[in-house]
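Below: the structure, in structure tokens.
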Amino acid sequence: MRYSSWRVTVLPWISVAIVILGCGRVNFANSPDSGASEMFTRRNQLVVRGTMLAESVVGFPLFVQLRAAEVDLGAAAPDGADLRFYAGDDTTELPYEIEQDSAAGFDLWVRVPQIAGGTDETLWVYYGNPAAPAGEQREAVWSTDYSAVWHLGDGRDSTQHQLDGTLNGTRSEIGIAGLGRDMELGWVEVADAPALAAIGANGVATWSAWARPVTLPSTTSALIDRQHETSALDDFRFGPSTDGTINGQVNLDPGQVNLPFGGGSYMVGEWNLFAMVRDGDELRAGVNGVTQERITGVGTIHASANPVWLGAGCNGCAGTPNGDLMDGMLDEARIESVARSDGWLRAEYLNLTAPLVVVQPFEIR
């Protein structure tokens with residue numbers, strides 16, 4: 001989903017995933033043109049630094065920032081309609097979603113076939129064609145593995161399931177990727193939908209979110225939560241705990257699995273990638289792609305019809321969250337029907353905190 005905010009002119013340095021290399025004007029001969037209507041006048045090469053990864057990731061949604069230091073923004077359509085991303089073969093088109101377009105440039109998600117661990121990859125972005133039809137393919141970026149993806153510039157879900165959330169007591173702010181939400185002890189409510197049943201059907205799931213806590217919480221904060229329909233327990237919940245570690249739980253049929261407190265840490269006042277993974281009979285949780293806790297529990301994930309809450313918990317409540325409120329920023333909350341490895345989660349962490357993507361100077365036709 002795109003968020004337009006022409007007042008935003010610069011993102012904090014910690015969220016920048018692009019190394020600034022300066023502008024250039026180099027002629028290029030080859031192009032994915034298919035006639036005059038598809039004539040692109042600019043392109044940039046993108047180097048994806050797989051050498052930073054310990055393992056390969058397949059079908060990875062890659063966050064890319066296009067900024068004026070490398071990209072000829074004046075040649076591109078203001079809303080990015082003429083952007084086209086291609087794999088290293090300069091032929092295979094890649095789907096993308098524009099999360100935000102602003103005076104500073106574009107914040108996008110591009111689905112890449114693979115990033116090979118230990119090997120740098122090359123992508124291309126073309127633009128500068130006023131006659132080109134809009135090229136954004138938002139839902140194609142997020143495969144059927146994703147039950148929901150909330151970028152949290154607003155409450156909308158970017159997947160085909162359209163699990164849009166209702167905002168309560170929160171406001172939009174610059175996040176770790178594009179715009180996120182200052183929760184201000186508020187929450188986002190997401191009504192239940194059939195797409196969420198998939199996380200219980202095959203015994204695996206991944207819940208993840210970026211959070212920047214203001215302080216250590218007085219009680220465990222919930223980043224993503226759903227209450228069990230017959231008790232004060234939660235079908236699933238995870239988030240920062242009072243002692244600076246991650247904690248979570250999953251309700252199973254026939255029992256509940258609670259992750260113990262202790263081990264590892266997150267940083268107050270900084271962005272952290274929190275994740276909880278149900279993989280077979282194991283439940284594990286970690287921060288920034290590093291598992292901190294794991295526990296074994298037999299059973300399938302319970303699937304209720306209750307709402308999902310972002311940034312709050314619902315412990316026996318009657319429609320309004322009554323605890324575990326998040327105090328701080330929340331961004332990029334996701335529910336997936338696959339069990340992500342630490343290597344995958346580490347790639348997500350590096351994508352938003354390190355120069356995993358390097359945009360080379362633009363070339364002009």
Side-chain angles (χ1 to χ4, degrees), residues 1-2 48 55-64 85-87 92-99 108-116 123 134-165 177-178 188 190-210 223-224 226 235-236 238 250 252 273-280 282-284 289 300-308 310 331-348 351-352:
M1 190 63 212
R2 180 184 304 118
V48 185
E55 66 180 59
S56 300
V57 291
V58 177
F60 188 78
L62 183 70
F63 183 67
V64 176
F85 288 86
Y86 288 84
T92 304
E93 188 170 358
L94 307 177
Y96 69 90
E97 175 191 12
I98 301 176
E99 181 175 344
L108 314 99
W109 297 91
V110 182
R111 183 177 177 83
V112 297
Q114 173 179 279
I115 304 175
L123 307 177
E136 185 177 17
Q137 303 174 59
R138 173 175 57 86
E139 293 180 359
V141 175
W142 310 100
S143 70
T144 54
D145 291 341
Y146 291 89
S147 298
V149 173
W150 299 282
H151 297 308
L152 293 175
D154 56 19
R156 297 181 184 181
D157 170 25
S158 285
T159 74
Q160 62 181 320
H161 305 301
Q162 300 181 359
L163 299 182
D164 297 345
V188 180
V190 182
D192 182 65
L196 293 178
I199 66 173
N202 57 4
V204 297
T206 300
W207 301 263
S208 65
W210 283 85
L223 301 183
I224 303 178
R226 185 175 69 189
D235 279 340
F236 48 78
F238 78 106
V250 170
L252 303 176
L273 175 60
F274 292 84
M276 183 170 71
V277 181
R278 174 66 175 171
D279 189 358
E282 182 179 69
L283 181 69
R284 67 179 191 269
T300 58
I301 303 169
H302 183 78
S304 73
N306 282 326
V308 170
L310 307 181
D331 201 358
E332 294 303 320
R334 302 175 184 178
I335 301 178
E336 305 172 55
S337 58
V338 296
R340 296 301 187 189
S341 66
D342 278 3
W344 176 285
L345 294 168
R346 187 66 180 174
E348 288 188 358
N351 189 192
L352 298 186

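None of the values given here were measured: they were computed from a predicted structure.
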Check: Is Leu94 close to Pro113 at the side-chain level, that is, under 4.5 Å between some pair of heavy atoms?
Finding: yes
Item checked: Spacing of Leu123 atom CG and Ile115 atom CD1 [to the nearest 0.5 Å] -> 8.0 Å
Next item on the list: Would you please name every residue forming a side chain to side chain contact (heavy atoms under 4.5 Å, CB included) with Gln137, sequence neighbours left out?
Entry: Glu93, Pro95, Ala140
Item checked: Ala347: side chain to side chain contact (heavy atoms under 4.5 Å, CB included) partners, not counting sequence neighbours -> Leu53, Val57, Phe60
Margin query: For a side chain to side chain contact (heavy atoms under 4.5 Å, CB included) check, start with the C-alpha distance between Gln160 and Thr144, then their side-chain angles and the critical distance, and finish with the verdict.
Written below: CA-CA 8 Å; Gln160 62 181 320; Thr144 54; 3.4 Å; yes
Checklist line | With sequence neighbours excluded, residues passing salt bridge (charged side-chain N to carboxylate O under 4.0 Å, His left out) with Arg111 | finding: none
Notebook entry, point to check: Would a 4.5 Å heavy-atom cut-off, applied to side chains only, mark Phe238 and Val250 as touching?
Noted result: no
Next item on the list: Kindly give the heavy-atom pair with the smallest separation between Pro61 and Trp344, and that separation in Å.
Entry: CD-CZ2, 4.0 Å
Next item on the list: Mind running side chain to side chain contact (heavy atoms under 4.5 Å, CB included) on Val141 and Val149 for me, showing each step along the way?
Entry: CA-CA 11 Å; Val141 175; Val149 173; over 6 Å; no
Margin query: Please check this pair: side chain of Thr206 against backbone of Val338, looking for a donor-acceptor N/O pair closer than 3.5 Å.
Written below: yes
Checklist line | Qualifying residues under salt bridge (charged side-chain N to carboxylate O under 4.0 Å, His left out), relative to Asp145, sequence neighbours excluded | finding: none
Notebook entry, point to check: For the residue pair Val188 and Gly165, what are the closest heavy atoms and their distance?
Noted result: CG1-CA, 3.7 Å
Item checked: With Thr92 via side chain to side chain donor-acceptor pair (under 3.5 Å) - residues at least two apart -> Asp89
Check: For the side chain of Arg340 and the backbone of Asp342, is there at least one donor-acceptor N/O pair under 3.5 Å apart?
Finding: no
Check: What are the two closest non-hydrogen atoms of Gly280 and Val204, and how far apart are they?
Finding: N-CG1, 3.8 Å
Next item on the list: Go through the structure and list residues passing ring pair (Phe, Tyr, Trp, His ring centres under 6.0 Å) with Trp109, not counting sequence neighbours.
Entry: Phe63, Trp142, His151
Next item on the list: With rounding to the nearest 0.5 Å, note down the distance linking CD in Glu332 to CH2 in Trp150.
Entry: 11.5 Å
Check: Partners of Asp164 by salt bridge (charged side-chain N to carboxylate O under 4.0 Å, His left out), sequence neighbours excluded?
Finding: none
Check: Are any of the side-chain heavy atoms of Leu345 and Val277 separated by less than 4.5 Å?
Finding: yes
Margin query: Can you confirm whether Arg226 sits close enough to His302 that some side-chain heavy atom of one is under 4.5 Å from a side-chain heavy atom of the other?
Written below: no
Next item on the list: Name all residues meeting the side chain to side chain donor-acceptor pair (under 3.5 Å) criterion together with Ser208; count only those two or more places apart in sequence or in a different chain, and write none if there are none.
Entry: none
Check: Under the salt bridge (charged side-chain N to carboxylate O under 4.0 Å, His left out) test, which residues partner Glu55, sequence neighbours left out?
Finding: none
Check: Distance from Arg156 atom CZ to Gln162 atom CD, nearest 0.5 Å?
Finding: 10.5 Å
Next item on the list: Can you see which heavy atom on Ala205 is nearest to which on Ile301, and at what distance?
Entry: CB-CD1, 4.0 Å
Note to self: Going by side chain to side chain donor-acceptor pair (under 3.5 Å), name the residues that satisfy it together with Glu282, two or more places apart in sequence or in a different chain.
What the structure shows: Arg294
Item checked: Partners passing side chain to side chain donor-acceptor pair (under 3.5 Å) against Asp331 (at least two apart in sequence or in another chain) -> none
Note to self: Which heavy atom of Leu152 sits nearest to which heavy atom of Leu310, and what is that distance?
What the structure shows: CD2-CD1, 4.0 Å
Item checked: For the student: nearest non-hydrogen atoms of Leu163 and Ala148, plus distance -> CD1-CB, 4.0 Å
Next item on the list: Report the residues that fulfil ring pair (Phe, Tyr, Trp, His ring centres under 6.0 Å) with Tyr96, sequence neighbours left out, ordered by chain and then residue number.
Entry: Phe85
Notebook entry, point to check: Is there a side chain to side chain contact (heavy atoms under 4.5 Å, CB included) between Val48 and Val112 once you walk through the steps?
Noted result: CA-CA 10 Å; Val48 185; Val112 297; 5.6 Å; no
Notebook entry, point to check: Are Leu252 and Thr300 close enough, and set up right, to give a side chain to side chain contact (heavy atoms under 4.5 Å, CB included), and what steps lead you there?
Noted result: CA-CA 5 Å; Leu252 303 176; Thr300 58; over 6 Å; no
Check: Under 3.5 Å, side chain of Gln114 to main-chain N/O of Ser56, donor-acceptor pair present?
Finding: no
Check: About how many Å separate CD of Glu336 and OG of Ser143, when rounded to the nearest 0.5 Å?
Finding: 8.0 Å
